[in-house]
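To find a chain, count down the sequence lines: A is the first, B the second, and so on, and within it residues start at 1.
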Amino acid sequence: MRQRKHHWLMKSEPDAFSISDLERVPTEPWSGVRNYQARNFMRQMQPGDEVFFYHSNTDVPGIYGIAEVASLPYPDPTQFERDSHYFDPKATPEQPRWDLVDVRFVRHFKTPVTLAAMKAIKDDLGEGFALTQNGSRLSVMPVTPAQWKRILKLEAQG
DNA sequence: GCCAACGTTGGC
DNA sequence: GCCAACGTTGGC
């Protein structure tokens, strides 16, 4: 049993699924993560954990708002769907390889916190922050309480 | 178990 | 559209 809320950052390509898309649904299963490190982070998630919603592969990459974890981790159903882009022939319902959580919209940022802005305070965010590490492609990552606060301060500064 | 080749991510 | 960085695959 864990008492503290944990913080995360999750990337999505807004052309595929944006924070505005998330706002229109009750909850969204975060399917399609096929990276072990990202999967292992999702396995640590608990309902109520807070999530920075990051838009990648777009004109202005950055954090566009906040979501929350809305379920415990469970097997990603798309790994079993033969027609799915995310089908994994090595996964079986008895031995699933990929998990996900449901995610719920919380709020938009007043102004996005851009990747450029976060790179500008790279030292404040620390060495271990995958987002500002060159070439990191990790799509789900933990955010420390200090990093969370620092990024919210950036939002407040607009 | 090494590592070259390949595919993907994602910023620019 | 380019390409650097990275993870995965598969031959040996």
### Task
Mind running a 4.0 Å heavy-atom check of residues 30-41 of chain A against DNA chain B and sending the residues that fall below it, in number order?
none

### Query
Within the side chain of A:Q79, is there an N or O that forms a donor-acceptor pair under 3.5 Å with the backbone of A:A91?
no

### Query
If you pin A:N134 and A:K90 to their nearest nucleotides in DNA chain C, which one's is more 5'?
A:N134

#### Entry: The single option from A:Y86, A:F80, A:Y36, A:W30 passing ring pair (Phe, Tyr, Trp, His ring centres under 6.0 Å) against A:W98
A:Y36

## Note on the structure
Residues passing the side chain to side chain contact (heavy atoms under 4.5 Å, CB included) test with A:R43, sequence neighbours excluded, are A:R39, A:N40, A:D99

### Task
Taking salt bridge (Lys or Arg N to Asp or Glu O under 4.0 Å) as the test, write out the residues that go with A:R82, two or more places apart.
none

### Query
Does any pair with a residue in residues 58-71 of chain A pass salt bridge (Lys or Arg N to Asp or Glu O under 4.0 Å), and if so which ones, sequence neighbours excluded?
A:E68-A:R104

### Footprint string (nucleotides 7-12 of chain B, 5' to 3'): B base within contact, S backbone only, - free, heavy atoms under 4.0 Å
BBBBBS

### Message
Pairs counted only when both distances fall under 3.5 Å, Watson-Crick or G-U: show me the 5' to 3' dot-bracket for DNA chain C, [ ] for pseudoknotted crossings and | for other-strand partners.
### Response
||||||||||||

### Task
Say whether, by atom type as modelled, one donor and one acceptor occur between the side chain of A:T132 and the main chain of A:K122 under 3.5 angstrom.
no

### Message
To check you understand the geometry: which heavy-atom pair defines the closest contact between A:G32 and A:D76, and what is its length?
### Response
N-OD2, 2.8 Å

Which atoms of nucleotides 2-4 of chain B (N or O only) lie under 3.5 Å from a protein N or O atom, and what are those distances?
none

### Message
Holding to side chain to side chain contact (heavy atoms under 4.5 Å, CB included), I want the full list of residues that pass it with A:Q157, two or more places apart in sequence or in another chain.
### Response
A:K153, A:L154

### Message
Looking at every heavy atom in both A:A130 and A:S136, which two are closest together, and how far apart are they?
### Response
O-CB, 3.1 Å

### Message
Can you pull out the residues from residues 122-130 of chain A that lie within a 4.0 Å heavy-atom distance of DNA chain B?
### Response
none

#### Entry: Side-chain touch A:F17/A:V103, heavy atoms, less than 4.5 angstrom
no

#### Entry: For A:D102, salt bridge (Lys or Arg N to Asp or Glu O under 4.0 Å) partners two or more places apart
none

### Message
What I'd like to find out is whether the side chain of A:M10 reaches to under 4.5 Å of the side chain of A:M45, using heavy atoms alone.
### Response
yes

Under 3.5 Å, side-chain donor or acceptor atoms of residues 143-150 of chain A against the rest of the protein: list the pairs with distances, not counting sequence neighbours.
| unit_1 | atom_1 | unit_2 | atom_2 | d |
| --- | --- | --- | --- | --- |
| A:T144 | OG1 | A:Q147 | N | 3.0 |
| A:T144 | OG1 | A:Q147 | OE1 | 3.3 |
| A:Q147 | OE1 | A:T144 | N | 2.9 |
| A:Q147 | NE2 | A:L125 | O | 2.8 |
| A:R150 | NE | A:D124 | OD2 | 2.8 |
| A:R150 | NH2 | A:D124 | OD2 | 3.2 |

Determine all donor-acceptor pairs shorter than 3.5 Å in which one atom belongs to a side chain in residues 105-116 of chain A; sequence neighbours excluded.
| unit_1 | atom_1 | unit_2 | atom_2 | d |
| --- | --- | --- | --- | --- |
| A:R107 | NH1 | A:E155 | OE2 | 3.0 |
| A:R107 | NH2 | A:E155 | OE1 | 3.0 |
| A:H108 | NE2 | A:E23 | OE1 | 2.7 |
| A:T114 | OG1 | A:A117 | N | 3.0 |

### Message
Within the 3.5 Å criterion, strictly below it, is a donor on A:S56 or A:R137 matched to an acceptor on the partner's side chain?
### Response
no

